[in-house]
Trainee: 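One structure, as structure tokens, below. Some questions next.
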Amino acid sequence: MQVETDRSSSLTIRGSTQPGRLARPDQMSMFARITSYPPLGQVTCLRRSQLSFSERALQFTVTIDSSSAFPAQRWEAQIWHNITGSEWTALPLQECNTTHAALLNGNQHDNQYYRHVFSEEIILSGDGGHAKFTVRFRTGPDADWQWANQKHPVSDGEIIYHPSHSDLRTTRPGDISQSRTEVGLGKYIDNLSNELGIVSRSSEAPGALLWSVTGEIPPVSDGSSSLKHLVLGTPSSTARYFSLVRVWSPWLGPRHGREKFRLTEHAILCSFLRTDGAHLVLLAVSGIDNVLTVFQSGHDGEVVVNAKSDNLEPSKFNVLIAAAEDFEVALSAVIYEARKVIRPFAEQADSAREEPVPLSPPGDDVVFVEKDETAQWLSQWFDGLTYCTWNGVGQDLTEEKILHALDSLKENGINIVNLIIDDGWQANHNEGESQFRRGLEHFEAHSQGFPGGLKQTVDLIRQRNPQVEHIAVWHALLGYWGGIAPDGDLAQRFKLKQVKIKDPAPHGHIAENLPDGNILTIDPDDIQRFYDEFYNFLSSAGVDSVKTDAQFFIDLLEDPEDRRRFITSYQDAWSIASLKHFSTRSISCGSMTPQIMFHSQMPTNKPTLPLRNSDDFFPEIPASHPWHIFCNAHNSLLTRYLNVLPDWDMFQTSHPYASFHAAARCVSGGPIYITDEPGKHDLSLLDQMTAQTVTDITVILRPSVIGRTIDIYHDYNEGHVLRVGSYTGWAKTGSGILGLFNIHSDVASSIVSLMDFPGIHEDSKAQYIVRAHTSGKVSSRMKPLTQNSLVSIVLEPKGWEILTAYPTRSFALPERHGDNNSRDGLTHVAALGLLGKMTGAAAVVTSDISVVENGRLRFNISLKALGTLGVYISDLKDRSIAQNFMVMILGKPVPQKMVWKEGGEDSNVLAIDVLAAWKKMKLDNGWSNEVFVQIFMM
């Protein structure tokens with residue numbers, strides 16, 4: 001038997017039909033895919049509420065899809081495990097109905113495969129534990145057992161489950177029990193340093209123990225920043241760990257490991273999964289008293305605190321630590337506490353400003369309606385589709401190239417809302433040299449590419465492209481990459497300061513490109529005036545938004561006096577100026593440095609701005625694309641708690657990984673920017689990402705909740721399917737969204753539990769359906785924590801899928817036609833949103849379903865955009881479109897030909913082409929920016 005695998009939970013098995021004999025390649029007569037839940041090679045941390053059936057029972061499921069080109073086999077499957085004791089033993093699995101763990105995105109009805117599903121539960125002890133398992137199988141009772149990891153290095157699956165009783169589970173806000181002492185922290189960290197100040201804190205996150213840890217740092221000495229290197233201790237009972245590290249100065253990235261803690265970069269967040277199921281989360285707080293704090297690892301797996309102070313007086317570093325049964329609870333505890341820690345310093349900074357931070361004024365896309373009780377969907381500027389010039393047009397920008405790119409978009413029917421004129425428009429000295437040797441000369445665009453000035457270009461853009469509402473320009477925080485030109489206009493008008501930059505290895509070699517590592521900058525005493533005049537100029541040219549990059553340069557300053565003067569002054573000056581001139585239309589880029597994150601991005605006293613969430617999209621580097629999505633999904637674990645909107649960067653729709661990136665951007669909950677080369681566009685893909693509003697604006701359909709990985713401890717190199725979870729709508733009535741991405745080069749498959757979807761909990765009482773975007777297939781109705789609450793998917797290389805879970809509502813209708821899938825005599829329904837859109841559920845603003853006086857079922861659905869509305873109706877196949885439905889938009893009947901059963905007569909999804917009806921009926925939205933659809937079903 002030869003076993004091939006994609007290094008994840010999907011195993012492709014090839015072998016001989018003759019039991020017990022290994023097959024040569026020319027003797028292959030069987031093809032099968034084995035998929036298990038929980039997945040092999042993955043760690044599954046189970047809370048008590050996640051265990052299926054009885055309180056302490058765990059369900060295993062294995063599916064085998066074998067080729068129908070060969071004779072059917074009498075497959076058997078077992079789980080081989082050490083869950084119930086130190087000795088490994090077999091758990092025989094029972095074959096069950098093939099609708100269990102139904103395949104949603106493959107061709108399960110094309111008769112190419114025999115499908116076998118096996119399932120069984122195992123009773124867990126009340127003490128909690130850490131165990132492993134694998135799958136073994138055979139083609140019949142007389143065949144030898146074959147092991148999933150026999151012929152390929154796929155690792156065992158890991159199960160970590162909590163004890164029945166835990167002090168963590170009873171912790172409530174305000175509760176500081178005896179366990180919340182230094183001794184309590186000693187339960188989680190061995191050999192705590194006696195140089196630490198450890199104070200128990202009351203956690204605002206129920207179920208978490210919280211500690212504040214501080215240490216002394218000496219003042220600046222001999223003109224150099226002081227450094228503190230202190231071993232905090234060794235996390236105990238560690239099964240796996242996850243960290244967010246500084247991959248280089250502007251960006252964070254994930255790192256994973258097992259048991260012994262080991263890092264090669266500085267981290268700001270570390271989380272340890274213990275063998276008792278608890279999560280220990282450590283957060284290094286920076287930006288207070290000019291202190292930068294990070295984590296390193298010691299030789300024997302210790303957590304080491306590295307603190308750097310630019311203060312003239314002694315100061316302290318701050319580390320927050322939380323323990324909880326749930327990662328989200330532990331992370332929330334340290335974040336909420338960090339906001340308290342930084343608040344006094346933020347208030348001091350606010351009071352010291354000459355000019356207060358302005359309130360967020362309403363933008364031109366906000367409409368106030370008096371005395372109207374109907375809620376409107378008020379779009380933000382970043383809800384519009386955006387085009388960026390960076391990869392599509394290049395850095396050698398000219399007015400002609402920008403206009404040509406916009407003409408290409410318009411000719412292809414791509415109506416962008418926002419335009420970002422990226423790096424390449426500014427007037428800099430030292431033309432032809434490295435960008436790090438080039439400094440900004442004056443505010444106006446360079447004359448070679450923009451002979452009529454920036455205002456002329458912006459005016460032409462708006463004249464030729466009236467659909468473009470917002471135009472942004474790129475600039476670096478210091479002006480340009482090389483700061484300020486020494487002989488330019490700006491050098492004559494503003495106070496300057498020459499500073500020394502350190503090399504931000506491993507990327508860029510910035511310092512090597514600077515003369516003696518020096519750069520000329522605007523002195524902090526004049527930086528507020530600089531930004532006010534700069535943004536006044538941009539506003540006068542018709543620019544109404546900015547992308548401010550290279551913000552990490554203030555972290556590269558070498559002299560402690562410069563760091564004290566520059567770091568907060570530049571951040572505050574930019575925040576004030578951008579809010580004053582551009583409202584919320586500013587993008588913070590290259591700013592994932594600890595001092596900026598804690599000083600500017602964590603406080604909630606300012607409006608939310610988009611934050612670049614990872615390093616760049618590199619179209620020419622194939623290996624970068626899966627990592628780009630993986631990195632963003634993990635960075636969002638932290639950035640979604642900041643006062644920002646994570647921005648997963650631009651991408652190209654004509655790229656080999658185009659749909660992969662597009663799906664990731666849609667589930668991210670952030671803005672979507674494209675950077676296509678002129679004439680190279682995938683219109684079909686763009687249509688799946690966007691929709692047209694009633695005011696003819698192209699918008700994206702952003703989920704309500706920021707997308708992030710749901711598998712915190714899965715290492716990139718282990719080859720798992722990346723799962724990005726999001727949610728849209730109100731609590732309980734909204735929809736969980738799960739993006740699945742094959743980040744490796746082999747075919748992958750995965751079984752997904754209903755409990756994996758965000759927003760679905762053990763106390764969720766509703767029945768749910770799950771719909772796959774790429775196939776449109778809909779699962780049977782299911783309830784959380786039941787045997788059939790699983791679905792499966794198969795992903796090709798570069799493959800992806802978006803699954804959406806919808807809660808259904810049930811009604812007892814008179815003269816019911818009968819639902820063959822229902823035994824309760826009820827009709828089950830759900831509003832699906834816009835079909836054909838990756839996150840179409842996010843198009844639903846409100847959905848009210850009720851039975852009216854005449855016994856009809858009435859759907860009142862408000863949409864934020866036009867498209868094909870889908871409605872799930874469990875007994876639709878027994879109903880007639882002509883006889884049983886009346887559909888109305890804004891009170892006017894929709895032509896019958898624009899209503900049909902999606903997928904044929906046996907379908908349970910009603911489709912309504914709202915876009916075509918809107919145009920055909922020549923409807924007028926009036927003051928509203930929503931579409932009101934009514935469906936009457938009898």
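What you see is a predicted model, and the numbers here were worked out from it, not measured in a lab.
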Trainee: Taking side chain as C-beta onward, heavy atoms only, is Ile321 less than 4.5 Å from Ile189?
Mentor: yes

Trainee: Crowded around Arg262 CZ? As in, over 12 foreign heavy atoms under 6.0 Å?
Mentor: no

Trainee: Any sub-3.5 Å donor-acceptor pair from Ser624's side-chain atoms to Phe618's backbone N or O?
Mentor: yes

Trainee: Quick one: does any side-chain atom of Ser309 pair with a main-chain N or O of Asn311 as donor and acceptor, under 3.5 Å?
Mentor: yes

Trainee: Verify, without hydrogens or angle tests, whether His162 (side chain) and Glu325 (backbone) share a donor-acceptor contact under 3.5 angstrom.
Mentor: yes

Trainee: Test your reading of the model: is there a side-chain donor-acceptor pair from His720 to the backbone of Gly41, 3.5 Å cut-off?
Mentor: yes

Trainee: Under a 4.5 Å cut-off applied to non-hydrogen side-chain atoms, are Leu230 and Ser193 in contact?
Mentor: yes

Trainee: For residues 280-338, which residue pairs pass the ring pair (Phe, Tyr, Trp, His ring centres under 6.0 Å) check, not counting sequence neighbours?
Mentor: none

Trainee: Using 30° and 60° as the class boundaries, would you call the ring planes of Phe272 and Tyr241 parallel, tilted or perpendicular?
Mentor: tilted

Trainee: Taking the side chain as everything from C-beta on, heavy atoms only, tell me whether Thr275 gets closer than 4.5 Å to Ile160.
Mentor: no

Trainee: Between Pro797 and Val747, what is the shortest heavy-atom contact and its length?
Mentor: CD-CG2, 4.1 Å

Trainee: Can you confirm if the aromatic rings of Phe660 and His625 lie within a centre distance of less than 6.0 Å?
Mentor: no

Trainee: Could you tell me if the side chain of Val644 sits less than 4.5 Å from the side chain of Ser588, heavy atoms only?
Mentor: no

Trainee: Could you tell me the separation between the CG atom of Asp423 and the CG atom of Asp549, rounded to the nearest 0.5 Å?
Mentor: 8.0 Å

Trainee: Are Phe741 and Trp800, when compared by the centres of their aromatic rings, separated by less than 6.0 Å?
Mentor: no

Trainee: Is a side-chain donor or acceptor of Ser636 paired with a backbone partner of Arg708 at a separation under 3.5 angstrom?
Mentor: no

Trainee: Start with the C-alpha distance between Arg255 and Asp715, add both sets of side-chain angles, then the distance that settles salt bridge (charged side-chain N to carboxylate O under 4.0 Å, His left out), and finish with yes or no.
Mentor: CA-CA 7 Å; Arg255 297 292 184 265; Asp715 194 317; over 6 Å; no

Trainee: Apply the side-chain hydrogen bond (donor to acceptor under 3.5 Å, both in side chains) test between Glu158 and each candidate in Arg240, Gln42, Lys132; give the one that qualifies.
Mentor: Arg240

Trainee: Quick check: His279 with Tyr188 (ring centres under 6.0 Å apart)?
Mentor: no

Trainee: I'd like to know if the side chain of Arg563 reaches the main chain of Asp555, judged simply by a donor and an acceptor atom lying under 3.5 Å from each other, with no hydrogens or angles considered.
Mentor: yes

Trainee: May I ask you to test the Cys45-Leu273 pair for a side-chain heavy-atom distance under 4.5 Å?
Mentor: yes

Trainee: Quick check: are there more than 12 heavy atoms from other residues, nucleotides or ligands sitting under 6.0 Å from NZ of Lys500?
Mentor: yes

Trainee: Does the plane of the ring in Phe617 sit parallel, tilted or perpendicular to the ring in His661? Use 30° and 60° as the thresholds.
Mentor: perpendicular

Trainee: Work out which heavy atom in Val285 is nearest to a heavy atom in Thr293; give both atom names and the distance.
Mentor: O-OG1, 3.2 Å

Trainee: Go through the steps for Asp647 and Lys547 under the test salt bridge (charged side-chain N to carboxylate O under 4.0 Å, His left out), then give the verdict.
Mentor: CA-CA 12 Å; Asp647 160 14; Lys547 174 182 176 181; over 6 Å; no

Trainee: Evaluate the criterion salt bridge (charged side-chain N to carboxylate O under 4.0 Å, His left out) for residue pair Glu328 and Arg640; output intermediate values, then yes/no.
Mentor: CA-CA 12 Å; Glu328 299 288 355; Arg640 66 199 165 103; 2.5 Å; yes

Trainee: Between Ser600 and Gln551, is there a side-chain donor-acceptor contact under 3.5 Å, judged purely by atom types and distance?
Mentor: no

Trainee: Decide whether Asn632 and Asn613 meet the rule of one side-chain donor and one side-chain acceptor closer than 3.5 Å.
Mentor: yes

Trainee: Taking the side chain from Arg665 and the backbone from Trp648, do they hold a donor-acceptor pair closer than 3.5 Å?
Mentor: yes

Trainee: Could you tell me whether the side chain of Ile342 reaches within less than 4.5 Å of the side chain of Ile288, counting heavy atoms only?
Mentor: yes

Trainee: Given the rule in the side-chain contact (heavy atoms from CB on, under 4.5 Å) test, do Ile706 and Leu645 qualify, once you have shown the distances and angles that lead to the verdict?
Mentor: CA-CA 8 Å; Ile706 299 301; Leu645 183 67; 3.6 Å; yes

Trainee: Can you measure from CD1 (Ile198) to CG (Leu232) and round to the nearest 0.5 angstrom?
Mentor: 7.0 Å

Trainee: Is there a side-chain contact between Leu477 and Tyr570 (heavy atoms, below 4.5 Å)?
Mentor: yes

Trainee: Would you give me the side-chain donor-acceptor pairs under 3.5 Å for residues 221-228, sequence neighbours excluded?
Mentor:
from: Ser225; atom 1: OG; to: Asp310; atom 2: OD1; distance (Å): 2.5
from: Ser226; atom 1: OG; to: Pro218; atom 2: O; distance (Å): 2.5
from: Lys228; atom 1: NZ; to: Glu195; atom 2: OE1; distance (Å): 3.4

Trainee: Verify, without hydrogens or angle tests, whether Gln652 (side chain) and Thr675 (backbone) share a donor-acceptor contact under 3.5 angstrom.
Mentor: yes

Trainee: Check for a donor-acceptor pair, side chain of Asn742 on one end and backbone N or O of Glu796 on the other, with a separation under 3.5 Å.
Mentor: yes

Trainee: Can you tell me how far the NZ atom of Lys502 sits from the CD atom of Glu558, to the nearest 0.5 Å?
Mentor: 8.0 Å

Trainee: Donor-acceptor check, side chain of His744 to backbone of Tyr716, threshold 3.5 angstrom: yes or no?
Mentor: yes

Trainee: Enter the distance from Phe566:CZ to Leu556:CG here, rounded to the nearest 0.5 Å.
Mentor: 12.5 Å

Trainee: Please check if any side-chain donor atom of Asn191 sits under 3.5 Å from a side-chain acceptor atom of Thr234, or the reverse.
Mentor: no

Trainee: Please work out whether the ring planes of Tyr657 and His655 are parallel, tilted or perpendicular, with thresholds of 30° and 60°.
Mentor: tilted

Trainee: Between the side chains of Ser212 and Glu337, does any donor sit under 3.5 Å from an acceptor?
Mentor: no

Trainee: In the structure I gave you, are the side-chain heavy atoms of Gln595 and Ile554 within less than 4.5 Å of one another anywhere?
Mentor: no

Trainee: Can you tell me if Arg274 and Ser236 form a side-chain donor-acceptor pair at under 3.5 Å?
Mentor: yes

Trainee: Just checking, is any N or O donor in the side chain of Trp390 or Asp616 under 3.5 Å from an acceptor N or O on the other one?
Mentor: no

Trainee: If you round to the nearest 0.5 Å, how far is CG of Leu196 from OG1 of Thr214?
Mentor: 7.5 Å

Trainee: Where do Ser726 and Val705 come nearest, in terms of heavy atoms and distance?
Mentor: OG-O, 2.5 Å

Trainee: Could you tell me which residues satisfy side chain to side chain contact (heavy atoms under 4.5 Å, CB included) with Leu609, sequence neighbours excluded, listed by chain and number?
Mentor: Trp574, Thr584, Ser586

Trainee: Assess the residue pair Phe651 and His628 against the criterion (ring-ring contact (aromatic ring centres under 6.0 Å, His included)); give the C-alpha distance rounded to whole Å, side-chain angles, the decisive distance to 0.1 Å, and a yes or no.
Mentor: CA-CA 11 Å; Phe651 73 101; His628 183 88; 9.5 Å; no

Trainee: If I compare all heavy atoms of Cys270 with all of Ala267, which pair ends up nearest, and what's the gap?
Mentor: SG-CB, 3.9 Å

Trainee: What distance do Ile519 atom CD1 and Leu478 atom CG have between them, rounded to the nearest 0.5 Å?
Mentor: 5.5 Å

Trainee: Does the ring center of Phe552 lie less than 6.0 Å from the ring center of Trp248?
Mentor: yes

Trainee: Any salt bridge linking Arg612 with Asp649? Criterion: basic side-chain nitrogen under 4.0 Å from a carboxylate oxygen.
Mentor: yes

Trainee: Nearest heavy-atom pair of Ala338 and Phe598: which atoms, and what distance?
Mentor: CB-CE2, 4.4 Å

Trainee: Give me the atom names and distance for the closest heavy-atom approach of Leu40 to Ala148.
Mentor: CD1-CB, 3.6 Å

